[in-house]
Amino acid sequence: MTMGTADAEVGQLSLPQELVLMLLNEESGYFRQVRGWNLNCAMVGAGLAELSLIGRIDTDMDSLQLLDSTPTGHAALDPILEAIVADPDQHNAQYWVEVLAPRADTSIDVALERLAEMDILQHHEGEFWTLTHSAWQSDQPGEGGVVTAAGFVRSRITRVIFEDEIPDPRDAILISLLNTCDVLRFIFQLEPEAEARIALVCRMDLIGQAIAEAVAQNLAGPLVRQSGLKRNIPRVKALRILRNPHIRDGNLPALMADLYREYGPVFEVHQPFQQPITVLAGPESNRWAQREGRLHLTSTRYLDNFERAYGSHGIIHALDNSDHFRMRKALQSSFAPSRLEEHLGSLYAHARAHMAEWVVGETYQAKAMTRLLANSQISPIIASIESQDIVQSLMDYKERALSTLVAKLLPKFLLHTPAMRRAAKRMDTYLGRIERSHTATQRAGGPRDLIDDLLSLHASDPQLLPESSLRFALSTPVIFSLYTGDELGFALYTMATKPDLYERIRAEAEAIFADGDPASEVFNSEQTEVTRRFVLEVLRMHPVATSSVRDVMNSCAFADFELPLGARVLVMQTASHYVEECFPEPFKFDIDRYLPGRDEHRSTAYAPFGLGTHSCMGQRWVELQMAINLLMVAYYFDIGARPSNGKMRISPLPAMSVSNGVKLRIAAKRREIPTVGPANLSAPAMVCPVAH
């Protein structure tokens, strides 16, 4: 690989980059963390050490001196150098670690981005990282000729610790930092002899010793400061919530944005007959949840009752740490846009078959209409079955289970009414169809679907995905259809009430369908730019998944407040969608937010699919499917909406959807819909109910 000027000056990998590589735990996709250790401190120490090695500073146990103020051209090092240059006073290394640690997030991001650019690390949705399969090769010889960059760093450290090789200053500093962070024992199996060798190496280099000692002395700082926090979390009175205008229209993100502006990023809400819940809202909360949430928060206990309702244990939504990462890795291809792109022909055919049932002049309940529209495509594509005749019952049961067992909005007995018992039995019908369609004979030569992936995962790792969890896992297409359908409900209503945007989307549809069904690349091109930005704005203003409920598993501090062990936390990630500083004029539907130069969605403030490790795996799929459906509806139909003034009511719980009172009317059919489709289109169907 050709190295840039800055990389050449500091070596193929800088110390901050090498530190990041050594901290990666590939089994979990996380970076190794130890209680009482702050990654920011270690990154500053690595940056100071790198500046020393390239002759910009000199440091000993008592002082740090500036030798050369010339910028390095390295984005992770120059901010540290600039701070030292700007201070006329002389300080020691510990001072600079303490001063610069709060700003070290940038250095971490730069190191990760550079390692990704060098094709050493790969980023995955949910803030997971792995070494790339096509890893960058170092020019240093290894046993097999060449080794990967990550392997080269590890082998250097291994030789120094276990083979008594004399370390160069870079290796001594890196070992000192890793030892200070107390992670070497997680990377290697250390016997007493190896521990003694590490202690000796840490004393060899004066620069590394000074920086490591500064970092070590600073480790207790966050713990001491946390224990001294005594600020009381603001309490929001119920009357204050009930008086908010967004209660009436059901817009929870806007309500929480108002509370964020009044109370700050942390506040407590008291619910009748339930434990208080601490709400994290606003852009700074999103940044914290994205970076730190997985270290302190868990979803396991919160979803216990929901798991039991499905007779499951260890569903992906309730998993944390390495098991969660393993599950995501195993299923990431199942929800990739490329999987949908492989089935575009089927998607077009199933969408047309369903739309052909719509009657001109009829008015339909929007929620039922769009859920069935989404499921007409999702069940055949990712489960290889038709389920239109039973899917509404399955969705009803899922929503009732969430409302009674998770959100606790309804008494538990309402999950066991005769209607709900009948709905639960529909799951047996659904699973029976899956079983019959996924025999070896049925699947031979056919395209792979999500059910194939789940069954393969169960067979290969029955502890990760046990039989007890299959019942819930195999219902994923139903859940996928529900959420995608509800998002489509918002999108179609918005399109119907904004004629100018309707016409622009229709113009794109007529252009791309003029010569037949478009190929997948069309949806990533300028040809569908308006539709793409329209989808992004619908997701901002009307996210279906507005928040995430977690329990504190490791006590922590955020925004000068303590989050104690066991506290229940509501991460309201979509509150920032209505914060003026993030999205100017937040109540204005403005697709130009996503034009180059504005790019208002390029931050953690835009979070319609969640944050961190539990962010939705299917977000790109949903965006693509929404765009295709909007284009097809605009191509074939004129639709109207009630209410026609754009002021729809929202059903906020257990997830956001248009209320039952929102209607869509098929005003006109612009062209005939082809009826030719796959053979299995004759399977059970269900036409959405007409609203009168």
Side-chain angles (χ1 to χ4, degrees), residues 244-255 351 354-355 357-376 388 391-392 395-396 398-400 402-403 409 481-502 505 534-546 574 577-578 586-589 591 608 622 625-627 629-630 632-634 636-668 686-692:
N244 189 283
H246 300 299
I247 280 288
R248 291 189 293 275
D249 59 28
N251 193 334
L252 284 184
L255 164 64
H354 184 76
M355 292 178 189
E357 301 294 331
W358 294 347
V359 178
V360 174
E362 291 287 4
T363 298
Y364 300 95
Q365 186 188 69
K367 184 186 295 188
M369 174 183 179
T370 53
R371 286 179 176 182
L372 289 171
L373 174 61
N375 188 67
S376 71
Q388 292 289 76
V391 72
Q392 191 59 57
M395 291 179 179
D396 289 344
K398 186 263 182 186
E399 285 194 302
R400 183 65 61 86
L402 285 175
S403 296
L409 300 169
S481 294
L482 188 153
Y483 286 136
T484 304
D486 286 347
E487 204 63 73
L488 268 174
F490 286 120
L492 285 179
Y493 178 85
T494 303
M495 186 173 74
T497 55
K498 296 189 179 300
D500 56 334
L501 288 172
Y502 199 159
I505 293 171
F534 181 90
V535 168
L536 292 176
E537 184 69 339
V538 169
L539 289 166
R540 180 190 71 84
M541 293 197 72
H542 307 296
V544 170
T546 60
T574 56
H577 290 192
Y578 285 88
F587 291 94
K588 177 183 178 182
F589 193 91
I591 70 170
V622 172
Q625 187 176 2
M626 285 179 64
N629 276 269
L630 285 171
M632 292 185 73
V633 171
Y636 288 112
F637 297 100
D638 289 329
I639 61 173
R642 293 205 319 247
S644 59
N645 59 3
K647 296 181 179 180
M648 64 179 166
R649 290 184 63 85
I650 298 169
S651 178
L653 297 170
M656 289 226 314
S657 63
V658 297
S659 73
N660 290 333
V662 175
K663 308 294 193 299
L664 293 174
R665 181 174 182 272
I666 308 301
M686 179 178 177
V687 179
C688 54
V690 176
H692 298 287

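These values consider heavy atoms only, across backbone and side chains, with no hydrogens, waters or symmetry-generated copies.
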For this session: May I have the step-by-step check of side-chain contact (heavy atoms from CB on, under 4.5 Å) for Leu536 and Ile591, ending in yes or no?
Result: CA-CA 8 Å; Leu536 292 176; Ile591 70 170; over 6 Å; no
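- For the pair Arg540 and Tyr578, the cation-pi criterion (under 6.0 Å, within 45° of the ring axis) is fulfilled.
- Considering CE of Met648 and OG1 of Thr494, their distance stands at 5.0 Å, rounded to 0.5 Å.
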For this session: Any chance you could lay out the side-chain contact (heavy atoms from CB on, under 4.5 Å) test for Lys647 and Asp249, step after step, and finish with the verdict?
Result: CA-CA 8 Å; Lys647 296 181 179 180; Asp249 59 28; over 6 Å; no
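- With sequence neighbours excluded, no residue satisfies side-chain hydrogen bond (donor to acceptor under 3.5 Å, both in side chains) with Glu487.
- Listed here is the closest heavy atom pair of Met632 and Met355: CB-CE, 3.9 Å.
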Exercise. Between His577 and Phe587, is a ring pair (Phe, Tyr, Trp, His ring centres under 6.0 Å) present by the stated rule, with each step listed?
Worked result: CA-CA 9 Å; His577 290 192; Phe587 291 94; over 10 Å; no
Exercise. After noting the C-alpha distance and the side-chain angles of Arg371 and Asp486, does the key distance pass the salt bridge (Lys or Arg N to Asp or Glu O under 4.0 Å) rule?
Worked result: CA-CA 6 Å; Arg371 286 179 176 182; Asp486 286 347; 2.8 Å; yes
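- Pro253 has its side chain out of reach of Leu255: every pair of non-hydrogen atoms, C-beta onward, lies at least 4.5 Å apart.
- Between Ser659 atom OG and Lys367 atom NZ the span is 7.0 Å, to the nearest 0.5 Å.
- Between the Tyr493 side chain and the Pro643 main chain, a donor and an acceptor come within less than 3.5 Å of each other.
- The distance from the CG atom of Leu373 to the NE2 atom of His354 is 5.0 Å, given to the nearest 0.5 Å.
- From Asp396, atom CG reaches atom CD of Gln392 across 4.5 Å, with rounding to the nearest 0.5 Å.
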Problem set entry | Derivation of the side-chain contact (heavy atoms from CB on, under 4.5 Å) call for Leu539 and Val535 | CA-CA 6 Å; Leu539 289 166; Val535 168; 3.9 Å; yes
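- Across Pro654 and Leu402, no two heavy atoms sit closer than the pair CB-CB, 3.8 Å.
- For the pair Thr574 and Pro608, the tightest heavy-atom approach, listed with the atom from each and the gap, is CG2-CA, 4.3 Å.
- Using modelled atom types, no side-chain atom of Thr497 and backbone atom of Gly646 make a donor-acceptor pair closer than 3.5 Å.
- Between Ala668 and Val360, the shortest heavy-atom distance links the atoms CA-CG1, 4.1 Å.
- Once rounded to the nearest 0.5 Å, the distance linking CE of Met495 with CD1 of Ile505 reads 5.5 Å.
- In this structure, Asp638 and Tyr502 approach most closely via the heavy-atom pair CA-OH, 3.5 Å.
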For this session: Show your working on side chain to side chain donor-acceptor pair (under 3.5 Å) between Thr363 and Lys663 and close with a plain yes or no.
Result: CA-CA 6 Å; Thr363 298; Lys663 308 294 193 299; over 6 Å; no
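- Panel note: side chain Arg642, backbone Arg665; no donor-acceptor pair is recorded below 3.5 Å.
- Residue Thr370 holds its OG1 atom at 7.5 Å from CG of Leu664, rounded to the nearest 0.5 Å.
- Two residues are said to be in side-chain contact when any heavy atoms from C-beta on lie closer than 4.5 Å; Ser376 and Gln388 meet this criterion.
- Of all heavy-atom pairs between Tyr483 and Val544, the closest is CD2-CG1, 3.2 Å.
- Residues Tyr636 and Trp358 fail the side-chain proximity criterion, which asks for heavy atoms closer than 4.5 Å.
- A donor-acceptor pair is defined here as one N or O able to donate and one able to accept, closer than 3.5 Å; no such pair exists between the side chain of Glu362 and the backbone of Ile666.
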Problem set entry | side-chain contact (heavy atoms from CB on, under 4.5 Å) evaluation trace for Phe490 with Ile650 | CA-CA 9 Å; Phe490 286 120; Ile650 298 169; 4.1 Å; yes
